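Everything on this sheet refers to the single structure shown next.
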Protein chains: 2
Amino acid sequence: MNCLELLKAKNLKATPQRMSILKALSKHEHPNIDELYEQIKEEYPAISLATVYKNLGTMIDEGLVIELALPNSKSKYDIYEYEHIHLVCNKCNSVYDLDYDKAYINDYQKKLQNNISFKISNIKMTVFLEECSNCK
Amino acid sequence: MNCLELLKAKNLKATPQRMSILKALSKHEHPNIDELYEQIKEEYPAISLATVYKNLGTMIDEGLVIELALPNSKSKYDIYEYEHIHLVCNKCNSVYDLDYDKAYINDYQKKLQNNISFKISNIKMTVFLEECSNCK
DNA sequence: CTACATGCAAATTTTTTGCATTACA
DNA sequence: TGTAATGCAAAAAATTTGCATGTAG
């Protein structure tokens, strides 16, 4: 995960704050903004929450980061590396990544595309869990 | 769609405000809270936004309503009738319902359940569109 | 009647903005 | 050096809360 290259490729300045945000997200812990802010502060105590908001915004716009919107909980954030399924715990809202057989969804997407008139961009699958090891 | 029965079944008082919210949601227009509030106000000009918030909260807790959390946009709400896929336009955030072949997802859920240790509650599929008739 | 729901206003929380300053390229 | 990013503080937006009053069951 070369954060510097990622930013360069999108013509975004590689400020230490941005690097730190990307580094934190690359752990795939799916922090919400407050958790992310706290984590960055450990390295850059002076960073402002506004900077985190602004950077998430621009990096989402550039496709480097994805926002995981969840019912009844603040959005969580993830660095974008490749498509994957998210497992979301209904009890504690923890999120886990899951690699999967893309063929299955690709297949479904094709089937679906034949039945609707608008162009499908992508399909997102979210698996909700009754509980998980974090909340049990 | 008998809103009265729905509320009764959950031991919630069938106030006109609640009935009106459910009636509005049963149109499946997926309003966000502001759109919903405006709609209810046409019938009950005195209703307060706080009441709408409170009622959505309790009705979600009781499973009558679902919150559709979306990246970069306020949550939208839908009455819960049966599982279905949501089509979400990437450009204008419009949401459409789509009935589908449940067998496909049930099948996938079973496959997946064999590979993870936590109990799956349900799987949600969201199809993102590049654009739609509403924004074109 | 009584417990729960409502409406209002205020409080809180979350997110955005403007701007002077800093620092990447 | 110029442009874009930062931090701060203030503003705006979104959501929740407390409480007096109203009303469904």
Side-chain angles (χ1 to χ4, degrees), chain A residues 2-25 31-62 64-65 67-77 93, chain B residues 2-25 31-62 64-65 67-77 93:
Chain A
N2 190 332
C3 300
L4 186 62
E5 290 307 319
L6 286 178
L7 291 170
K8 268 192 186 172
K10 300 292 183 180
N11 283 312
L12 296 176
K13 287 188 179 169
T15 66
Q17 292 89 335
R18 251 173 212 165
M19 296 288 280
S20 182
I21 290 173
L22 277 181
K23 199 177 65 183
L25 292 178
N32 66 25
I33 189 130
D34 305 312
E35 292 159 347
L36 183 58
Y37 176 49
E38 290 308 318
Q39 216 173 313
I40 307 304
K41 272 205 293 194
E42 287 174 17
E43 198 174 359
Y44 295 97
I47 199 176
S48 120
L49 182 56
T51 298
V52 182
Y53 269 104
K54 286 171 189 166
N55 277 323
L56 283 176
T58 50
M59 295 198 285
I60 287 168
D61 289 346
E62 293 297 339
L64 295 181
V65 170
E67 176 186 351
L68 235 157
L70 298 173
N72 200 28
S73 152
K74 289 182 89 165
S75 285
K76 300 181 185 236
Y77 301 91
N93 285 312
Chain B
N2 190 331
C3 300
L4 185 62
E5 290 308 319
L6 286 177
L7 291 170
K8 268 193 186 172
K10 299 294 185 180
N11 284 311
L12 296 176
K13 287 188 179 168
T15 66
Q17 292 89 338
R18 253 174 212 164
M19 296 286 282
S20 181
I21 291 173
L22 279 181
K23 199 177 66 184
L25 292 179
N32 66 24
I33 189 130
D34 304 311
E35 293 159 345
L36 183 57
Y37 176 50
E38 290 308 319
Q39 216 173 314
I40 307 303
K41 271 207 290 194
E42 288 175 17
E43 198 174 1
Y44 295 98
I47 199 174
S48 120
L49 181 57
T51 297
V52 182
Y53 269 106
K54 285 171 190 167
N55 277 324
L56 282 176
T58 51
M59 296 198 284
I60 286 167
D61 289 345
E62 293 297 339
L64 297 181
V65 170
E67 176 185 352
L68 236 159
L70 299 173
N72 199 28
S73 152
K74 290 183 86 166
S75 286
K76 301 183 185 233
Y77 300 91
N93 284 312

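In what follows, every heavy atom counts, from backbone to side chain, and hydrogens, waters and symmetry copies are set aside. Convention: sequence-line order gives letters A, B, ...; per-chain numbering from 1. For clarity, every value in this text was computed on a predicted model and none was experimentally measured.
- Qualifying side-chain contact (heavy atoms from CB on, under 4.5 Å) partners for B/A50, counting only residues two or more places apart in sequence or in other chains: B/S48.
- Listed nucleotides D/dA4, D/dC8, D/dA24 differ in distance to A/K13; the shortest reach to its side chain belongs to D/dA4.
- You'll find the side chain of A/I33 reaches within 4.5 Å of the side chain of A/L49, heavy atoms only.
- Rounded to whole angstrom, the span from the CD1 atom of B/I47 across to the C1' atom of C/dA9 amounts to 17 Å.
- Residue A/N11 places no side-chain N or O under 4.0 Å from the OP1 or OP2 atom of D/dA4.
- The side chain of B/T15 contributes no N or O atom lying less than 4.0 Å from OP1 or OP2 of D/dT23.
- In this view, A/K54 satisfies the salt bridge (Lys or Arg N to Asp or Glu O under 4.0 Å) rule with no residue, not counting sequence neighbours.
- The distance from atom NZ of A/K10 to atom P of D/dA5 is 15 Å, rounded to the nearest whole Å.
- When atom types are taken as modelled, the side chain of B/E35 and the backbone of B/N32 share a donor-acceptor pair closer than 3.5 angstrom.
- In this model, no donor atom of one side chain and acceptor atom of the other lie less than 3.5 Å apart for B/T51 and B/Q17.
- With sequence neighbours excluded, no residue satisfies side chain to side chain donor-acceptor pair (under 3.5 Å) with A/K13.
- In this structure, the CG atom of A/L56 is 10 Å from the P atom of C/dT16, given to the nearest Å.
- In this structure, A/L4 atom CG and C/dC24 atom P are separated by 12 Å, rounded to whole Å.
- Applying a 4.0 Å cut-off to non-hydrogen atoms, the residues of residues 16-24 of chain B that approach DNA chain C are B/Q17, B/R18, listed by residue number.
- Spacing between atom OH of B/Y44 and atom C1' of C/dA5 amounts to 14 Å, rounded to whole angstrom units.
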Should A/M59 and A/K10 be marked as a side-chain contact (heavy atoms from CB on, under 4.5 Å) after you check the CA-CA gap, both sets of side-chain angles, and the distance that decides it?
-> CA-CA 9 Å; A/M59 295 198 285; A/K10 300 292 183 180; over 6 Å; no
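- Using a distance-only test at 3.5 Å, with no hydrogens or angles considered, no donor-acceptor pair links the side chain of A/K76 to the main chain of A/L70.
- In this structure, B/E62 places its CD atom 13 Å from P of C/dC4, rounding to the nearest Å.
- Atoms CG (A/L36) and P (C/dT14) sit 15 Å apart, rounded to a whole Å.
- Between the C1' atom of D/dA5 and the NZ atom of A/K8 lies a distance of 18 Å, rounded to the nearest Å.
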Nucleic acid footprint by protein, nucleotides 12-18 of chain D - heavy-atom cut-off 4.0 Å, B for base, S for sugar-phosphate alone | --SSBBB
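- Contact check, A/T51 against D/dG7: a side-chain N or O comes under 4.0 Å of OP1 or OP2.
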CA sep, side-chain torsions, deciding dist, call: B/I60, A/N72, side-chain contact (heavy atoms from CB on, under 4.5 Å) | CA-CA 10 Å; B/I60 286 167; A/N72 200 28; over 6 Å; no
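- With contacts defined as side-chain heavy-atom distances shorter than 4.5 Å, the pair A/L12/A/L6 does not qualify.
- Two residues are said to be in side-chain contact when any heavy atoms from C-beta on lie closer than 4.5 Å; B/L64 and B/L25 fail this criterion.
- A/L36 has its side chain within reach of A/I40: a pair of non-hydrogen atoms, C-beta onward, lies under 4.5 Å apart.
- Across the helix from C/dC1-D/dG25 to C/dA25-D/dT1, the helix axis at one end is tilted relative to the axis at the other end by 50° (nearest 10 degrees, each axis from five pairs).
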